[in-house]
2 protein chains.
Amino acid sequence: MLKIGELAALASVSRDTLRFYEKHGLITPGERNDAGYRLYSETDVHRISFIMGAKEVGFTLNEIHQLLELEVTKDEKSCHDIKQFVDAKISIVNQRLAEIKRIKKSLQTLSSACCGGDEPATHCTILEALSEQTN
Amino acid sequence: MLKIGELAALASVSRDTLRFYEKHGLITPGERNDAGYRLYSETDVHRISFIMGAKEVGFTLNEIHQLLELEVTKDEKSCHDIKQFVDAKISIVNQRLAEIKRIKKSLQTLSSACCGGDEPATHCTILEALSEQTN
DNA sequence: ATAAACCCTGGAGTACAGTCTAAGGTCAAT
DNA sequence: ATTGACCTTAGACTGTACTCCAGGGTTTAT
Ligand SMILES: [Zn+2]
Ligand SMILES: [Zn+2]
Ligand SMILES: [Zn+2]
Ligand SMILES: [Zn+2]
């Protein structure tokens, strides 16, 4: 059984983060010692590990919440269900990707149209372009 | 001179947004009528137009604040300054792009390793992979 | 015995970009 | 005269993911 600081060190997160995750239902350490300190089991360690892994691949805490439910009830779920969840996330990520690519392209168009010279910017095509109506 | 609702309709934003931008120093309508209503000039319309254009290409309100200062003092600035600002933003965007691409790749790796079948997910490689230590 | 290091709680604060509400004042039309 | 559409303010709320603080209690080492 680990105390919060020990688990925090193990998982490279702050104690506050662990308490935050608990408050939001991501972990549920059942036991407390006589002083009221949280005690974390092997299962809790595994759960944190899962959470960190999911964060690493870009899931939000909300999504991780749903993933944890899949994980806990995995004998009632199928690979199909899990894969579908991941694929749904991929399509969200693809949307963000497309938006950022669009932005990058716009910025590059702006940048390359500007002479970049040392004369006053009163003629700057960037400033002009920005104030042009897009609708 | 336009009232706030008229400018809002023109710019396709809410009145609240215009007041929000004002509170954060992005616009500064000088005049008010006898009833205390904001009155917007041509210059203000141009400014909003600039802000919307900058938002469109992904600048944050904070960055737009800086851009507006460049715009207002453009006779003292050079194209070099403006271009540099845009290029700095491009490199921020590139970082976000790289991160999202990394996430997409990870998710695709996860997805393609899963059989996606209808059997119980107790053997699912996705769930396994997520709880693996990355550090 | 006492200091340092740890634990607890509730609540506030951060950045971002608004949105919404309450409680009022004004203006145009019916 | 009264309805409805518009305007004003200050301040609270949204979601995301924490981080920090105050004001306590506990454990460990010297
Ligand atoms: Zn130039
Ligand atoms: Zn230029
Ligand atoms: Zn499978
Ligand atoms: Zn699977």
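Remember, predicted model here, so these are calculated numbers, not experimental data. Below, read A as the first sequence line, B as the second, and so on, with proteins coming before strands; counting in each chain starts at 1.
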Which parts of nucleotides 18-30 of chain C does protein reach within less than 4.0 Å, heavy atoms only, written one letter per nucleotide 5' to 3' as B for base, S for sugar-phosphate only and - for none?
BSB----BBS---
Residue pair B/Ser111 / A/Asp87: nearest heavy atoms and the distance that separates them:
OG-OD1, 2.7 Å
Can you tell if the side chain of B/Leu97 reaches within under 4.5 Å of the side chain of B/Asn94, non-hydrogen atoms only?
yes
Contacts under 3.5 angstrom, residues 63-70 of chain A side chains, donor-acceptor by atom type, not counting sequence neighbours:
{"from": "A/Glu63", "atom 1": "OE1", "to": "A/Thr60", "atom 2": "N", "distance (Å)": "2.8"}
{"from": "A/Glu63", "atom 1": "OE1", "to": "A/Thr60", "atom 2": "OG1", "distance (Å)": "3.4"}
{"from": "A/Glu63", "atom 1": "OE1", "to": "A/Lys89", "atom 2": "NZ", "distance (Å)": "2.9"}
{"from": "A/Glu63", "atom 1": "OE2", "to": "A/Lys89", "atom 2": "NZ", "distance (Å)": "3.3"}
{"from": "A/His65", "atom 1": "NE2", "to": "A/His24", "atom 2": "O", "distance (Å)": "3.2"}

Find out whether A/Leu39 and A/Pro29 are in side-chain contact, i.e. whether some heavy atom of one side chain is under 4.5 Å from a heavy atom of the other.
no
Distance-only criterion, 3.5 Å: show the donor-acceptor pairs between side-chain atoms of residues 119-130 of chain A and protein atoms not counting sequence neighbours.
{"from": "A/His123", "atom 1": "ND1", "to": "A/Pro120", "atom 2": "O", "distance (Å)": "3.1"}
{"from": "A/Thr125", "atom 1": "OG1", "to": "A/Ala113", "atom 2": "O", "distance (Å)": "3.1"}

With DNA chain C as reference, determine whether B/Phe59 or A/Arg32 sits nearer its 5' end, using the nearest nucleotide of each.
A/Arg32
Taking only N and O in the side chain of A/Arg19, is any of them less than 4.0 Å away from OP1 or OP2 of C/dT9?
no
Enumerate the residue pairs fulfilling salt bridge (charged side-chain N to carboxylate O under 4.0 Å, His left out) with a member in residues 98-111 of chain A, sequence neighbours excluded, ordered by first and then second residue.
A/Glu99-A/Arg102, A/Arg102-B/Glu56
Please name all residues satisfying side-chain contact (heavy atoms from CB on, under 4.5 Å) with B/Ala35, sequence neighbours left out, ordered by chain then number.
B/Asn33, B/Tyr37
side-chain contact (heavy atoms from CB on, under 4.5 Å) partners of B/Ser41, counting only residues at least two apart
B/Met1, B/Thr43, B/Asp44
Sorted by chain and number, sequence neighbours left out, salt bridge (Lys or Arg N to Asp or Glu O under 4.0 Å) with A/Arg15 holds for none
Quick one: side-chain contact (heavy atoms from CB on, under 4.5 Å) partners of A/Ser14, sequence neighbours excluded?
A/Asp16, A/Thr17
Please state how far atom CE in B/Met52 lies from atom P in C/dA17, giving the value in whole angstrom units.
12 Å
Compute the angle between the rotation axes at the two ends of the helix from C/dA1-D/dT30 to C/dT30-D/dA1, each taken over five pairs, rounded to 10 degrees.
30°
Every protein N/O within reach of nucleotides 1-4 of chain C N/O, cut-off under 3.5 Å:
none

Would one find a side-chain N or O of A/Arg38 under 4.0 angstrom from OP1 or OP2 of C/dC8?
yes
Which residues pass the salt bridge (Lys or Arg N to Asp or Glu O under 4.0 Å) test with B/Lys74, sequence neighbours left out?
B/Glu71
Which pair of heavy atoms, one from A/Lys83 and one from B/Gly116, lies closest together, and at what distance?
CD-CA, 3.8 Å
Nt span of DNA chain D in reach of chain B heavy atoms at under 4.0 Å, 5' end first, is D/dC6 to D/dT9
Report yes if the side chains of A/Glu76 and A/Thr73 come closer than 4.5 Å at any heavy-atom pair, otherwise no.
yes
